[in-house]
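The sequence lines fix the lettering, A, B, ..., with proteins before strands; numbering per chain opens at 1.
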Amino acid sequence: MSTPILTIRGARRRYNADTPALQGADLELQSGTITALLGPSGSGKSTLLRAIAGLEPLDAGEIICGAQSWNGNGPAVPPEKRRVGMVFQDYALFPHLNAIANVAFGLNGSDKKKRALAQLEAAELGHKANAYPHELSGGEQQRVALARALAPNPAIVLLDEPFSGLDRRLRSELRARTIASLKAAGATALIVTHDAEEAMAVADQLALMGGGRIIQTGTPDDVWMNPASAAAARLLGDVDVFTGKVANGQVSTPLGDVPAPDFKPGQLVDVLVRPAAISVIPADDGAYALTECRSTGAELAMTLKAADGSHWRASTPAPCDLRTGDSVNIKLNQTFVTVTNSAG
Amino acid sequence: MAVTGTAAPRAAQKGFNATSLAVVAALICAAPILVVAWIALTGDTGDYLAHLAQTRLPTYLTHSAYVAGVAALGTGLLGTSLGWLIARTQFPGREFLGWVLILPLAVPAYVAAYAWLDLSTAGGPLYTATNGLFPTIRGSWGAGLMFSLVLYPYVYLLARDAFASQSADVYDAARTLGSAPWHAFMHTALPMARPAIAAGLALVMMESLADYGTVSHLGAPTLSIGLVRAWSGAGSLVDAARLSLVLVVVALFIFGLERAQRRRARSVTGSGKTRPPQRFVLGGWKGIAALLFCLLPLALGMFIPLGRLAYLALSEPSTTDLLDASLNSLTLAITAAIIAAALGLSTAYALRSKGIIATMSARAAGLGYAVPGAVAAVGVIAILSGTQQILDPIWRDLTGAVFPILLTGGAAALIFAYLSRFAAAAIGPAESALSRVTPALDGAARTLGATPLQTARLVHWPLIVGGLTSAGLLVFVEVLKELPATMILRPFNYDTLAVIAHSYAADERLGEAAMPSILITLVALLPMVFVARYLSSRSAGGQDR
C-alpha cells in the first residue's frame, strides 16, 4: 500500500484512574479509502475519533497527518487547523441556523452560499435549504450533517455512529448514499460503528478495537476469515471457542481434530469455530444431540451438544427437517475454523 | 458512548476565567448570610430579643406560617389547574393565554394589596355594593390571598411544563388497566407532576416569607415585619441578625425541599422517548368555562387592581414629582440586571467545566435564592459597618482625618444586597440556556474551521442570548418591585418608586400611592411579556431560533 495519509501511534488517553479510554492505539488510514472502526461500547472508538479531530487531547502518543504532526511534538494543532470533517452521532446541527447556513458554516468567500447549495443539491436536499434542523426528518438531518462535513473539502472525514439514530430500512438506504458521497468526494473516511454487519458493508479496511487498543486491521474478508484472537472473532459475529493444547501439530476438540501446523507442541491455543463451519448430518446414532433448532427465515440456527457436554452453534440453509432432540453427526469445514494463541 | 469529552468547552473558554467570576458570584450571594449567622451566634443578647422571644416571636412565626400556607394552597390550586388546562386541553384562546397567564408576576403583591384593601374596606365600593357582605381583605389570610393572585405563575409554569412533557403512555396504561379518565389523571398525571408543583410551591413560600410591603399593609405580623422593626425601630443589628437567622433557617429548609423536588421532577419526566399526549378538546360551554376560568386570575390579580389604582390616581391627581424616584428605580434595576446576567453567565460557563470549585461556587450562589431581601440588607449593613470599624483607626493613623462613612455608600450597597438576593435567579436560566450548546456543537464548529472565539460568537451567543436576556429581565422586574432591602439600605433622601408607594400607602394616602404603583407594574409588564413569550415558546415547540 501507499504511504498512509494519517498515522496514529501509541495513542493514550485516560479520563480518570479507573477507566483509561485509549491504552496505546495504533492505526493508519490510507488515502481515499473508507475504514470502519468496529468495537463494543466503551472500547475507546469515539475517544480515538475525537482525538483525531483535535477535540480530545492525548496523554501520550502521536497523530501524524502527511508531513505534519498534530499531536506529539510541541502544542497540539487545534481542531480548526486540521481540515478534518466530522459527522457527530446526534449530527450536532446548529439549531439556530437553517440547512444551507449549516452547510455554509465551514466555507469562506463570497460564493459560499452557492457552494453550500450545490453541496445540498448533491445530497438531494436543495428544496430544504431554508428549513431549520427541527423541521427536518432524522434521515435529512444526517444528510445535512454529511453535506456540512464534506463542504470544506476536508482531508479526512470522521463519522461517529452516523446511522445509529435511524430505523433499519432508512439505515441501509442512507448507508449506501453516504458511501457513494464519500467515494464521489474521493474522501478518506473513518466510520465508527458497533454493528459488525454495517462495518463489513461500508469498509475498504476494517479496524477492530477493544480495551482501548486496535486489536486487528485488514480487509473485511481477511479479518473475517483470519481473526487474530477470540475477541476479534466475536466482534464480527457468532463464534464458539475451544481452548486446548497442541499435540502432534493438531488440537483435539469435541468436534474432532483441527490442524495447527504453525504452533509448538504443548502450546495453549484457542480454536475459533464459526457456526457455518459445522455441517449437520442426520444420523440415528449420531455423536451429537440438537438442543435447539430455530429458523431465522433463510437459515436454520442450531445448537448441538457434544459428548463432553460442550455446546456448539451451527447453521445450515433452511428449509431442513431437523428438530430439537434429533441426534446428528457433523462435518467440520476447516475454512471457517481458526487457531490462535490463547488469551489465557 | 458516554465519552463526550470536555476539551471543546474548555478550549472555548480560553481568554476569560469563568471560575473566578463564579467565585465572586458565590461570595456576593453567600457573604450576607454568613455574616448574619456569625453576628447572630456571637453577638450580645440584647434585652429586646429576650423580650421579643417572650412576646412577639411566636406571633411572628405563626403568622409567617399562616401567610405562607394560604399562599401555597391558593397558588397550588390555581397554578396546577391552569397548568393542566393549558398543557393538556384545547379551547379558544389557549395559545394566547399560555403566556399571558405568566404576566401577573409583574404585579407586586403589595400593589394588589393596596387596591383590594381599598375596594373591600368599610366604606369602599365592594363593601358598599354588597352591604358589607364582601369580607375585607386583610390580615394573614388576606396577604396569602394576594400572594396567590400574583405568585401562582411560579406553580403554573412548572406544572404546565411537567404536564406537557409527560408521556401519554402512562395515562393510557392506567386506562387499559381499568381506570376511568379522572381516576387515571389523579393516579398518573398528577403524581408525576407533583415534584414540579412542589418546587413551584416552595418558590411561592420563599417569596411570601421575604415579602414586607403586603404583610405590613394588610396587618399580618410576619417574621420580616419583626426584622424591619428590630432594625429601624430598635436599631439593634444583633437582634435583626438573630431574627434574620430564624427567617433564613426556615427559608433554607423550604429551599432544600425545592431543590430535592426539582431533582425528582427531572427523574419523573425526563425519560427520553415520550409520546406527547393528545389534548382534550373542550368545545361549547366547556371551552367557554375554561376560558373564563383562565381569565379569572388575570382579572383578580392584574386588571382589577390596576383599574382601581388608575381610578384613584385620576380622581385625586398626585402632586408628587416621581421623576427622580423613577430614574433611581430604573438605574438600580438595570444595573443589577446586567451584573446579575453577567454573573449568571460566568457561573454557567464555570459549571460547564465541571470543576469542583465551580460547582461549589454555583451551589453557594444558589443559596442567595433563599435570602429574603431584608436579611440581605442586614447582612450588607453588617459587612459595611464591620469594614468601617476595621478601617477607621487605620485611616486615622494614616491621614489624621475621619474615614468617610461607608453606610452612605448608598446605591452601591443597594446593588450588593439586590445581587446577593437575585443573582441566583439568573444562574438557573443562564445554565439552562447554555445547556442547549452541547459539546458536539462546539466540536462541529471547531472541525469546520471556527476558532474558540468565533465558536463563542457564531454558535454560543445566538443560542444563549434569549435565555440570558430573559434572566436579566427577571432580575430587572424583581429589583423594580423590591421593597424591604431598599427601605433598610437606601441612603437618606434617596427614593425609589416602591419606597414612595409604600410610604404613602402606610399613611393611608392611597391616591398618592396609586401612581408609583401603576408605574412599577407597567414598567415591569413590558419585560415580563418578553420573558413570558420566551418561556412559552421554549416549552411549546421545544425549539426556537
Please report the interatomic distance SG(A:Cys65) to CG(A:Asn71), rounded to the nearest 0.5 Å. 11.5 Å

Taking the six-membered ring for Trp, are B:Phe530 and B:Tyr534 parallel (under 30°), tilted (30 to 60°) or perpendicular (over 60°)? parallel

A:Arg148, part contacting chain B, at a heavy-atom distance under 4.5 Å: both

Side chain to side chain contact (heavy atoms under 4.5 Å, CB included) test vs B:Arg533 passes for just one of B:Val529, B:Leu535, B:Val531, namely B:Val529

For A:Phe94, is it the side chain, the backbone, both, or neither that has a heavy atom closer than 4.5 Å to a heavy atom of chain B? both

Do you know which of A:Val87, A:Leu158, A:Val84 has the most heavy-atom pairs under 4.5 Å to chain B? A:Val84

Any Lys/Arg nitrogen of A:Glu198 or A:Arg171 sitting under 4.0 Å from an Asp/Glu carboxylate oxygen of the other? yes

Where on A:Leu107 is there a heavy atom nearer than 4.5 Å to chain B: the side chain, the backbone, both, or neither? neither

Gap separating the CG atom of B:Leu103 from the CG atom of B:Leu526, nearest 0.5 angstrom: 10.0 Å

Using heavy-atom distances under 4.5 Å, tell me whether A:Asp90 contacts chain B through its side chain, its backbone, both, or neither. side chain

